[in-house]
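All remarks here apply to the structure that follows.
Here is the naming used below: chain letters follow the sequence lines, and residue numbers restart at 1 for every chain. In this text, all values refer to a predicted model and were calculated from it rather than measured experimentally.
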Number of protein chains: 2
Amino acid sequence: MARAGLTAERVTIAGAELADEVGLDQVTMSQLARRLGVRDASLYTHVRGLEDLRGRIALLAADEKTIRIAEATSGRAGKDALVAFANAWREYAHEHPGRYTATQTPIQIDPELAAKATGPRRAVELTYGMLRGYGLAEPDLTDAVRLLRSTFHGFVALEAAGGFANERSPQHSWIRALDALHTLLEHWPPSREGDSS
Amino acid sequence: MARAGLTAERVTIAGAELADEVGLDQVTMSQLARRLGVRDASLYTHVRGLEDLRGRIALLAADEKTIRIAEATSGRAGKDALVAFANAWREYAHEHPGRYTATQTPIQIDPELAAKATGPRRAVELTYGMLRGYGLAEPDLTDAVRLLRSTFHGFVALEAAGGFANERSPQHSWIRALDALHTLLEHWPPSREGDSS
DNA sequence: AGTTTGGGCCTAGAGCCCCTAGGAAAGCAA
DNA sequence: TTGCTTTCCTAGGGGCTCTAGGCCCAAACT
């Protein structure tokens, strides 16, 4: 019997492709094995199981998305960087819906594997770097990063879930949202220390 | 054989409870049947299948969340209303993680059932109403509504996925995010018509 | 009261999925 | 060539979804 030449990485990539085509929760060991021309039991030599596979897809997606964003924002600053960052994020989610969904799941993964994953960490660093130009200091910086990530993620998630029923094009709302976030970052409200409302 | 007295509504509620306890994707027909003291095949009298059950849970959650928000914002205006709205949203997500996840799935449901679901529609109306005080006009109003919903949803989604690794408490970031959104709504940037950047 | 009818719940079973155990053969090293 | 490692295989257990068909309870009708 000729060998299929599989490896954990190849299995993960095939899983990611399948996820983008049919949706992450339709990705099944059997179906993936079928696509790879192999019996399903054979996959377990490369991947610990379905849960592990999903974790690997999530890590792959995080890395890819981070690289996209890094390339898009490289050499830019201010609003340019903000728009490039946000568009790279959204475009990745549109192009790879299955991979993107994988990034939303609480990551419970092999620690040795997680150590190799530079994606998530670098993504956060990139966001901080992008905000450097707005002159925010901690803890406002962290708050701003979280606000941006929430908005970006929330927008594409709602968009994917069909949450924008109004006839106005999401693209318009997206551009306006970026305008709004930019002006917000420029006029970040001072924190009222001691106010516990 | 004594009857269990099931109905579509009771099955849905039990499914929602199960989802909150073990996670939406762990909700299975068999497990739900077990909890209800019934054979799994018996559930199909009340619910078309797993997909249908999830849709019903999503609708239930949307209704409940809408009611929560309506109660919280009733009689409030301006920033008071914004904060009450957002907190009600987030608290519902915290208290009912399984139900909340259900609302994120693209709704593909029995049209007759969807017609009975006033939740989603009213939620949007509530959001528009809350923004009335900020003096925005269409299409800015729709854009602002989408921005708010994106941020609220994105924040709780990232929070649930363990996306906030920094040691700063999410609660602090949340409060600051609401501050920021409030000032943003007060200084909503004018749209530059004809600008196609 | 007896009978009919509708519907809730059942058993049986097909088909798919995840995963483990153990065997065979391909590729690599000595 | 011989032996070792690793990939892939077959076999099989157990869980899940969903359909088909039957039984029996309860309300409605005569």
Would you call B:R68 and B:E91 a salt bridge, taking side-chain N to carboxylate O under 4.0 Å as the test? no
Rounded to whole angstrom units, what separation is found between the CZ atom of A:R35 and the P atom of C:dC17? 14 Å
Measure CZ/B:R10 against C1'/C:dG8 and give the value in whole Å, please. 13 Å
Starting the side chain at C-beta, find the nucleotide from D:dT10, D:dT19, C:dC17 nearest to B:A41. D:dT19
Whether A:T45 contacts D:dC8 is assessed here as follows: a side-chain N or O lying under 4.0 Å from the phosphate OP1 or OP2. Is that the case? no
C:dG8 OP1/OP2 closer than 4.0 Å to side-chain N/O of B:S42: no
Which nucleotide in the list C:dC9, C:dC10, D:dC9 gets nearest to the side chain of B:R39? C:dC10
Does B:T28 place a side-chain N or O at less than 4.0 Å from the phosphate oxygens OP1/OP2 of D:dG15? no
Would you give the length of the straight line joining atom CG of B:L185 to atom NE2 of B:H187, rounded to the nearest 0.5 angstrom? 10.5 Å
Taking CD from B:Q31 and P from D:dG15, how many angstroms apart are they, rounded to a whole number? 12 Å
Using atom OH of A:Y44 as one end and atom P of D:dG12 as the other, report the distance to the nearest whole Å. 18 Å
Give the rounded distance in Å between these two atoms: CD of A:E51 and P of C:dC18. 11 Å
Please tell me which of the listed nucleotides, D:dC16, D:dC18, C:dC18, lies nearest to the side chain of B:S30? D:dC16
Think B:R54 has a side-chain N or O under 4.0 angstrom from the OP1 or OP2 of D:dT17? no
Examine B:R90 relative to B:F155 and say whether NZ or CZ is less than 6.0 Å from the centre of the six-membered ring and inside a 45° cone about the ring axis. no
When rounded to whole Å, the CG to P distance for the pair A:L50 and C:dC18 reads 6 Å
Pairing of A:K79 and A:D179 as salt bridge, 4.0 angstrom limit: yes
Nearest to the side chain of A:V38, which nucleotide is it out of D:dT17, D:dA20, D:dC9? D:dC9
Between CZ of B:R35 and CD of B:E21, what distance do you get to the nearest 0.5 Å? 4.0 Å
Length of the CG-C1' vector between A:L32 and C:dC17, whole Å: 13 Å
Atom NE2 of A:H46 and atom C1' of D:dC8: how far apart are they, to the nearest Å? 8 Å
